[in-house]
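Input: a single structure, listed below in structure tokens.
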2 protein chains.
Amino acid sequence: MDQPGPSSGESLLFLTDEQLRKGIEAMFFAYRGFTADPDRILEDHGYGRAHHRAIHFIHRAPGTTVNNLLNILGVTKQSLNRVLRTLQSDGLVEARVGAKDKRERHLYLTAKGGELERALSDAQRQRMRAAFREAGPNAVAGFRTVLEHMMDPEMRRHYAAMKEPGQ
Amino acid sequence: MDQPGPSSGESLLFLTDEQLRKGIEAMFFAYRGFTADPDRILEDHGYGRAHHRAIHFIHRAPGTTVNNLLNILGVTKQSLNRVLRTLQSDGLVEARVGAKDKRERHLYLTAKGGELERALSDAQRQRMRAAFREAGPNAVAGFRTVLEHMMDPEMRRHYAAMKEPGQ
DNA sequence: ATTTTATGTCAGTGTTGTTGACTTTCCAAG
DNA sequence: CTTGGAAAGTCAACAACACTGACATAAAAT
């Protein structure tokens with residue numbers, strides 16, 4: 001559409017509106033697949049995606065505070081609180097009052113919570129593993145690169161904060 | 001894409017659980033960015049993502065039937081109907097009774113509906129274009145390949161049914 | 001004539017988001 | 001030390017939007 005740049009010799013055909021539209025639909029359809037398997041498991045437990053997200057990030061960073069989770073998930077604290085309340089009363093999550101700052105609640109998965117987390121992430125990883133394997137390492141690297149650039153800077157910080165496998 | 005196979009000496013380190021977890025979070029955070037810009041526009045109009053999806057696919061395939069849209073979107077007809085009803089009464093979408101089969105309603109965007117579609121897709125494309133450009137054509141190809149393999153087969157059919165830009 | 005298909009509607013429920021009001025705890029300025 | 005504000009978390013009420021189930025209408029198919 002626009003993007004001059006042919007001076008560099010690069011074709012830039014991958015930036016046409018048609019290509020971008022393909023990318024948009026790829027995201028839409030792929031995300032549906034991405035959430036389909038966990039959704040089925042969650043349904044059996046009477047939970048939704050909000051519960052999955054909470055469980056995922058508590059697993060990733062045990063002892064995280066409610067406020068920290070709030071920043072990552074980008075919802076209101078009231079919304080998150082409802083989810084955490086049910087997870088706690090169902091015995092999947094434990095909230096310990098902060099030692100230093102007693103206002104804070106540090107969140108941990110219980111054994112039972114860990115079980116559900118494993119079931120959910122196993123299902124999700126299985127699909128991702130199949131997709132990765134079929135696409136190959138080179139495609140996977142491209143996949144990650146594009147997604148990183150699609151994130152809001154704030155979210156990219158949270159993403160990058162994950163401990164890198166190979167480091 | 002290229003199918004290495006362990007026999008070829010390929011490392012397969014990209015299939016570790018840690019790498020897969022990175023991929024999972026990349027999808028999560030990127031999808032948030034992916035929907036952020038249209039969400040802001042939709043809010044001004046009192047619409048939600050459901051309206052966006054309907055508008056997008058009516059734009060992509062003008063004259064599509066309600067039933068066809070149902071299959072693509074994967075929601076119940078009651079849910080879709082609520083959205084279509086508001087879009088029609090707001091004058092963004094027009095439903096014409098089928099000429100051949102009078103039970104069918106063929107859906108079209110009005111001029112006003114086309115305007116909103118453009119605003120929404122412009123916003124979404126702008127972000128995708130930036131991500132694509134920064135990542136480069138090779139990464140974009142990998143991105144698309146992995147996403148395709150992540151879709152449910154049914155959805156992949158809909159995705160592939162789009163007219164390919166270069167064909 | 002009967003059945004099936006395509007669409008639309010009404011009622012009810014559940015998840016998840018929101019805002020508003022409130023409590024408890026911490027900290028810092030007077 | 002007290003007071004006042006900020007921060008963390010909770011409770012209650014409401015809105016958006018998904019779902020199921022039951023039902024209605026019209027037209028196509030058998």
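Naming convention: chains lettered A, B, ... in sequence-line order (proteins, then strands); numbering from 1 in each chain.
Here B/Arg127 pairs with A/Asp152 in a salt bridge; the nearest charged N to carboxylate O distance falls below 4.0 Å. Ion pairing of B/Arg157 with B/Glu154 is present here, as a side-chain N (NZ or NE/NH1/NH2) and a carboxylate O approach within less than 4.0 Å. Salt bridge status for A/Glu115 with A/Lys112: absent, with no side-chain N to carboxylate O gap under 4.0 Å.
Of the candidates D/dC11, C/dT7, D/dT20, the closest approach to any side-chain atom of B/Gln78 belongs to D/dT20. The A/Lys77 side chain lies nearest to D/dG9 when the options are C/dT16, D/dG9, C/dC10.
When the P atom of C/dT15 is taken as reference, atom CZ of A/Arg49 falls 14 Å away, rounded to whole Å. The CG atom of A/Asp39 sits 14 Å away from the P atom of D/dA18 (whole-angstrom rounding). Distance CG (A/Asn68) to C1' (D/dA7): 15 Å, rounded to an integer number of Å. Atom CG of B/Leu70 is separated from atom C1' of C/dT7 by 10 Å (rounded to the nearest Å). In this structure, B/Leu84 places its CG atom 7 Å from P of C/dG8, rounding to the nearest Å. We find that CD of B/Glu43 is positioned 11 Å from P of D/dC17, with the value rounded to whole Å. In this entry the distance linking CG of A/Leu73 with P of C/dT18 reads 11 Å, nearest Å. The nearest whole Å value for the distance from the CG atom in B/Asn67 to the P atom in C/dT4 is 17 Å.
With hydrogens and angles left out, the side-chain atoms of B/His56 and A/Glu25 include a donor and acceptor closer than 3.5 Å.
Of all non-hydrogen atoms in B/Gln88 and B/Ala95, the two that sit nearest each other are OE1-CB, 3.5 Å.
Taking the ring centroids of B/Phe143 and A/Phe14, they lie at or beyond the 6.0 Å cut-off.
Taken residue by residue, residues 95-106 of chain B places heavy atoms nearer than 4.0 Å to DNA chain C at B/Arg103, B/Glu104, B/Arg105.
The side-chain tip of A/Arg96 points at the ring of A/Tyr108 from less than 6.0 angstrom away and within 45° of straight on.
Residue B/Asn81 places at least one side-chain N or O closer than 4.0 Å to OP1 or OP2 of C/dT9. Close to C/dT9, at under 4.0 Å from its OP1 or OP2, lies a side-chain N or O of B/Arg85. Between B/Arg53 and D/dC17, a side-chain N or O to OP1/OP2 separation shorter than 4.0 Å is absent. At C/dT16, one or more side-chain N or O atoms of A/His51 fall inside 4.0 Å of OP1 or OP2 (strictly under the cut-off). The phosphate of C/dG17 has neither OP1 nor OP2 within less than 4.0 Å of any side-chain N or O from A/Thr76. Phosphate proximity of D/dC17 to B/Ser79: absent, as no side-chain N or O sits under 4.0 Å from OP1 or OP2.
A side-chain contact (heavy atoms from CB on, under 4.5 Å) with B/Leu92 holds for exactly one of B/Leu109, B/Thr86, B/Leu87; it is B/Leu87.
Counting any heavy atom pair closer than 4.0 Å across all strands shown, B/Gly46 reaches no nucleic acid atom. Residue A/Arg82 is classed as a base contact, given a heavy-atom separation below 4.0 Å to a base.
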